[in-house]
Participant: 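First the structure, then my questions, so here it is.
All of these numbers come straight from a predicted model, not from anything done at the bench. Naming: A, B, ... by sequence-line order, numbering from 1 per chain.
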2 protein chains.
Amino acid sequence: MRLSTRGKYGVRAMYDLALHYGEGPVPLKATAERQMVSEHYLEQLMAGLRRAGLVTSSRGAQGGYELARSPADITIGDIVRVLEGPIDPAECVAEGDPVEACERADECTMRLVWKKLKDCINRVLDSISLKDLCDETAALVSDSCGSCRAGPDCTRGLGETAGTARRTP
Amino acid sequence: MRLSTRGKYGVRAMYDLALHYGEGPVPLKATAERQMVSEHYLEQLMAGLRRAGLVTSSRGAQGGYELARSPADITIGDIVRVLEGPIDPAECVAEGDPVEACERADECTMRLVWKKLKDCINRVLDSISLKDLCDETAALVSDSCGSCRAGPDCTRGLGETAGTARRTP
DNA sequence: GGAATCCCAACGAGTTTAGTCGGAATTCGT
DNA sequence: ACGAATTCCGACTAAACTCGTTGGGATTCC
């Protein structure tokens, strides 16, 4: 259960675009350098994000990529699902007929587990937008993150769990 | 974000052992046939589970595998972590020094996302024990499964009714 | 002794990952 | 018109991983 670099680099790149949202196209080279990712590799990832309608591109000099929507309207889940494929812990909870993936799907108790896991992952990833990420960075830098006791299932934004995440032993 | 067959087969096998808990050693062949998994492949998985102390084995005729603890004391998370490795969406939220995985780990906002995701996954998987699985199967078979038909956001059933959630490693 | 069973190590075909490489097409500024 | 910047596209690859298979050895029960 580890994300590949595709998902991680993709989120980094989209975060970078979010930081420069409204400033016109951002050339891939700049993003690649800031986020320390191979430019050519990132190019492939951006192609996927463009086909999925999450970014728009403009070619030629002064060209680059831009978010297709406001950072508040793009979630981490949107990005990860494009680059890593749908979040399906098992085939039997993917799109389509479960019975085709496993003939016992109807009576399978484990399927309920994978379903629950899938829903949980999607809920977490969809609860965080690029805007949340940018806001959180501001909070981190200004060193004023509040304390949240809501636990890991808290879906009320990143800022509230920041205190927990920074307290690393 | 898909589990490999290791995790899925492993859970199936452990579930099978849970169904026969207290009846003495269960030969691998029987489990493999019931769960429709290659016997030799399952053997490798059981070796890992044995080394992790989740099952005990007895050799020779009438030998086989048994759960090392009560089904209520073994969670899906225990099994999945043994067979799939630790649940770390990214290196920077794995065991050890995060800065060694990524020099920007301290200031990285995305790291908070992966941390949150990791905690969520572990929480779900650790909230479901083998006993929960067996109980749920009884509910499914008796066709009175009201608890799990409440839609994708249902938080009841599978672990939260019995309240067998245990340690957090 | 023989059958059942676990234990171990190696092999391998296929797929995925994480890129690299080379070049074509488009656009901007001058 | 030209050249630089940039996206776009397809092919290639080394390494790792997945999902097993193969072949034998050790142990235990009857």
Participant: May I ask you to say whether B/R12 pairs ionically with B/D16, meaning some side-chain N is under 4.0 Å from a carboxylate O?
Facilitator: no
Participant: Of the nucleotides D/dC9, D/dC19, C/dC8, which has the atom closest to the B/T5 side chain?
Facilitator: D/dC19
Participant: With distance as the sole criterion, is a donor-acceptor pair present between the side chains of A/T5 and A/Y41 under 3.5 Å?
Facilitator: yes
Participant: Round to a whole Å and report the spacing from CD of A/E39 to P of D/dT6.
Facilitator: 9 Å
Participant: To the nearest angstrom, how far is A/R59 atom CZ from C/dG23 atom C1'?
Facilitator: 12 Å
Participant: Are A/S57 and D/dT6 close enough that a side-chain N or O sits under 4.0 Å from OP1 or OP2?
Facilitator: no
Participant: Take the protein atom OH of B/Y41 and the nucleotide atom P of D/dT22, then report the distance between them rounded to whole Å.
Facilitator: 16 Å
Participant: Rounded to whole angstroms, how far apart are CZ on B/R51 and P on C/dC7?
Facilitator: 10 Å
Participant: Step through the shown structure and confirm whether more than 12 heavy atoms of other residues, nucleotides or ligands are within 6.0 Å of CD on B/E39.
Facilitator: yes
Participant: Toward the 5' end of DNA chain D, which comes first, A/A61 or A/H40, by nearest nucleotide?
Facilitator: A/A61
Participant: In whole angstroms, how far is the P atom of C/dT20 from the CG atom of A/L45?
Facilitator: 12 Å
Participant: May I ask you to say whether B/K115 pairs ionically with B/D88, meaning some side-chain N is under 4.0 Å from a carboxylate O?
Facilitator: no
Participant: Phosphate oxygens OP1/OP2 of D/dC17: is one of them under 4.0 Å from a side-chain N or O of B/S4?
Facilitator: no
Participant: Which nucleotide in the list C/dT20, D/dG20, D/dT7 gets nearest to the side chain of B/S38?
Facilitator: D/dG20
Participant: B/R50 side chain: which of D/dC19, D/dC8, C/dC7 is closest?
Facilitator: C/dC7
Participant: In this structure, are over 12 heavy atoms from other groups packed under 6.0 Å from A/E95 atom CD?
Facilitator: no
Participant: Just the rounded figure in Å: distance from P of D/dG20 to NZ of B/K8.
Facilitator: 10 Å
Participant: If you go through the side-chain atoms of B/Q44, does one of them form a donor-acceptor pair with the base of D/dC19 closer than 3.5 Å?
Facilitator: no
Participant: Taking only the side-chain heavy atoms of B/E43 (C-beta and beyond), determine which of C/dC8, D/dC19, D/dT7 contains the nearest atom.
Facilitator: C/dC8
Participant: Taking the nucleotide of DNA chain C with the closest heavy atom to each, which residue, B/Q62 or A/Q62, is nearer the 5' end?
Facilitator: B/Q62
Participant: Take atom CZ of A/R2 and atom P of D/dT18, then tell me their distance rounded to the nearest Å.
Facilitator: 12 Å
Participant: Over how many whole Å does the gap from A/Y9 atom OH to C/dA18 atom P extend?
Facilitator: 8 Å
